[in-house]
Amino acid sequence: MTGVDALSLSSTDIVKRYGYYDEEFVLSYSHKNGPYNMTSHMHDQYEVYYLLKGQRSYFIKDRVYLVEQGDLVFVPKYVLHRTQFAGTLQHQRIVLNFTDSFLERSWIKGSKLDLLKPFQGDNPTLRLKEEDRKYTESLFFRAIAEMKNKSDGYEICVKAISVELLVHLARCIDKYVEVVAPVDSPLHRKIAEISNYIETHYAEPLTLTHLSQSFYLSPYYLSRVFKEISGFSFIEYLNHNRIKEAQRLLRESNWKVLRIAESVGYDSIAYFGRVFKETVHMSPLQYRRMHSGEGIERT
DNA sequence: TAGTAGACAGCGCCTGGAGT
DNA sequence: ACTCCAGGCGCTGTCTACTA
């Protein structure tokens, strides 16, 4: 539940909120009023974000999308993302999160249709036409009504409706070319380049001064505009990329924690452990035990 | 022995404000 | 749009003690 637990609600009024969650599935509706900015996060779940009302700025990986009422965003697992205030104080959104194990359920598995199709394109957004949008909203509203009423068996209904929605969206994805274009000013392109640079050079001893020299900007200005556009400070973004890779190595290798810390750019194992725990809410070894059956490297 | 966690000090980042 | 300064504070590495 890491991503969902990481919501920051300061200086924001929650007008209404309904949700259901278990270990492999989350559906959550919220109506917020205020200049709310989500804490940056990534998780091992796929995310479908639907904006019912308002406008939001959505940063995914290295690009910013100005998301409007009726737009969908598909965030693959382990991809850094956050939404930010974008002009309208009030917004209503629905977020559906699910894990691979949810898709492995017998009643979902076995169809030729790939429910993960919407997560595989280059652009993570989708702008539906009226008819499909109405149908999508009707499914969401049914799920919200179930969560609100909590009648016996509502959990099953919420999941069944969500699967129907995933089928609908996977069917839709091929017939649509209309997506939300990323914000494309020269400055946004520059920040995308810088984000890409950090993503590929996170293991090196990167500093703001080094980056500013590479991209011909003053460190003060770079620090400021990077935060303004992406919503992340330089250090935040760098650490998220390092921890993301460390998580992958913990899952997929049997390297010692010390070796992993060094390979993603930390000189200090103590500091690596601290940042890892702040980000993932558990120690590196706890994370490995939870996500992999493999033991540690023997010397 | 590897990994975790807390204290501490120094440096670099962030940010408000002023200026070009 | 961009640079620079200054001040505060958070990030980062080191050290140490502790646990499994």
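Basis for what follows: all heavy atoms, side chains included, without hydrogens, waters or symmetry-related copies. Convention: sequence-line order gives letters A, B, ...; per-chain numbering from 1.
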Which residues pass the side chain to side chain donor-acceptor pair (under 3.5 Å) test with [X], not counting sequence neighbours?
{"X": "A/Ser111", "value": "none"}
{"X": "A/Tyr78", "value": "A/Arg251"}
{"X": "A/Asp174", "value": "A/Lys117"}

Angle between terminal axes - the helix from B/dT1-C/dA20 to B/dT20-C/dA1, 5 pairs each end, rounded to 10°: 50°
Can you measure [X] atom [atom1] to [N] atom [atom2] for me and round it to whole angstrom units?
{"X": "A/Phe226", "N": "B/dC14", "atom1": "CZ", "atom2": "P", "result": "9 Å"}
{"X": "A/Phe276", "N": "B/dA5", "atom1": "CZ", "atom2": "P", "result": "12 Å"}
{"X": "A/Phe272", "N": "C/dC15", "atom1": "CZ", "atom2": "P", "result": "20 Å"}
{"X": "A/Arg288", "N": "B/dG3", "atom1": "CZ", "atom2": "C1'", "result": "12 Å"}
{"X": "A/Phe234", "N": "C/dC9", "atom1": "CZ", "atom2": "P", "result": "22 Å"}
{"X": "A/Ile229", "N": "B/dC14", "atom1": "CD1", "atom2": "P", "result": "15 Å"}
{"X": "A/Leu285", "N": "B/dT4", "atom1": "CG", "atom2": "P", "result": "4 Å"}
{"X": "A/Ile235", "N": "B/dG12", "atom1": "CD1", "atom2": "P", "result": "11 Å"}

On the nucleotide [N], are OP1 or OP2 found under 4.0 Å from the side-chain N or O atoms that [X] carries?
{"X": "A/Lys277", "N": "B/dA5", "result": "yes"}
{"X": "A/Ser268", "N": "C/dT14", "result": "no"}
{"X": "A/Lys227", "N": "B/dT15", "result": "yes"}

Which residue pairs pass the salt bridge (Lys or Arg N to Asp or Glu O under 4.0 Å) test with at least one member in residues 97-116 of chain A, sequence neighbours excluded? A/Glu24-A/Arg105, A/Lys77-A/Asp100, A/Glu104-A/Lys109
Check residues 194-204 of chain A and write down every donor-acceptor pair under 3.5 Å in which the side-chain atom is one partner and the other belongs to a residue at least two apart or another chain.
| from | atom 1 | to | atom 2 | distance (Å) |
| --- | --- | --- | --- | --- |
| A/Ser195 | OG | A/Ile191 | O | 2.8 |
| A/Asn196 | ND2 | A/Asp62 | OD2 | 3.0 |
| A/Asn196 | ND2 | A/Ala192 | O | 3.4 |
| A/Glu199 | OE2 | A/Tyr237 | OH | 3.0 |
| A/Thr200 | OG1 | A/Asn196 | O | 3.0 |
| A/Thr200 | OG1 | A/Tyr197 | O | 3.2 |
| A/His201 | ND1 | A/Tyr197 | O | 3.0 |

Please compare A/Leu258 and A/Ser223 by the position of their nearest nucleotide in DNA chain B and report the one closer to 5'. A/Leu258
Within 45° of the ring axis of A/Phe232 and under 6.0 Å from its six-membered ring centre, is that where the NZ or CZ of A/Arg82 lies? yes
So which residues get pulled into A/Tyr49's cluster when ILVMFWY side chains under 4.5 Å apart are joined, directly or through others? A/Leu51, A/Tyr58, A/Ile60, A/Tyr65, A/Val67, A/Val73, A/Val75, A/Val79, A/Val95, A/Val180
Flag the pair A/Arg93 and A/Asp71 as a salt bridge only when some basic side-chain nitrogen lies within less than 4.0 angstrom of an acidic carboxylate oxygen. no
Contact letters for nucleotides 1-7 of chain C, in which S counts primed atoms plus P, OP1 and OP2 and B counts the base, heavy atoms under 4.0 Å: SBBBBB-
Going by atom types only, do A/Thr279 and A/His240 share a side-chain donor-acceptor pair under 3.5 Å? no
Contacts table for residues 137-147 of chain A: side-chain donor-acceptor under 3.5 angstrom, sequence neighbours left out:
| from | atom 1 | to | atom 2 | distance (Å) |
| --- | --- | --- | --- | --- |
| A/Glu137 | OE2 | A/Tyr50 | OH | 2.6 |
| A/Ser138 | OG | A/Tyr135 | O | 2.6 |

The criterion is salt bridge (charged side-chain N to carboxylate O under 4.0 Å, His left out); which residues satisfy it with A/Lys244, sequence neighbours excluded? none
Salt bridge (charged side-chain N to carboxylate O under 4.0 Å, His left out) involving A/Lys16 - partner list, sequence neighbours excluded: none
Residues of residues 193-215 of chain A with a heavy atom under 4.0 Å from any atom of DNA chain B, listed by number, are A/Thr207, A/Leu208
Picking from B/dG6, B/dT4, B/dC14, which would you name as closest to the side chain of A/Arg274? B/dG6
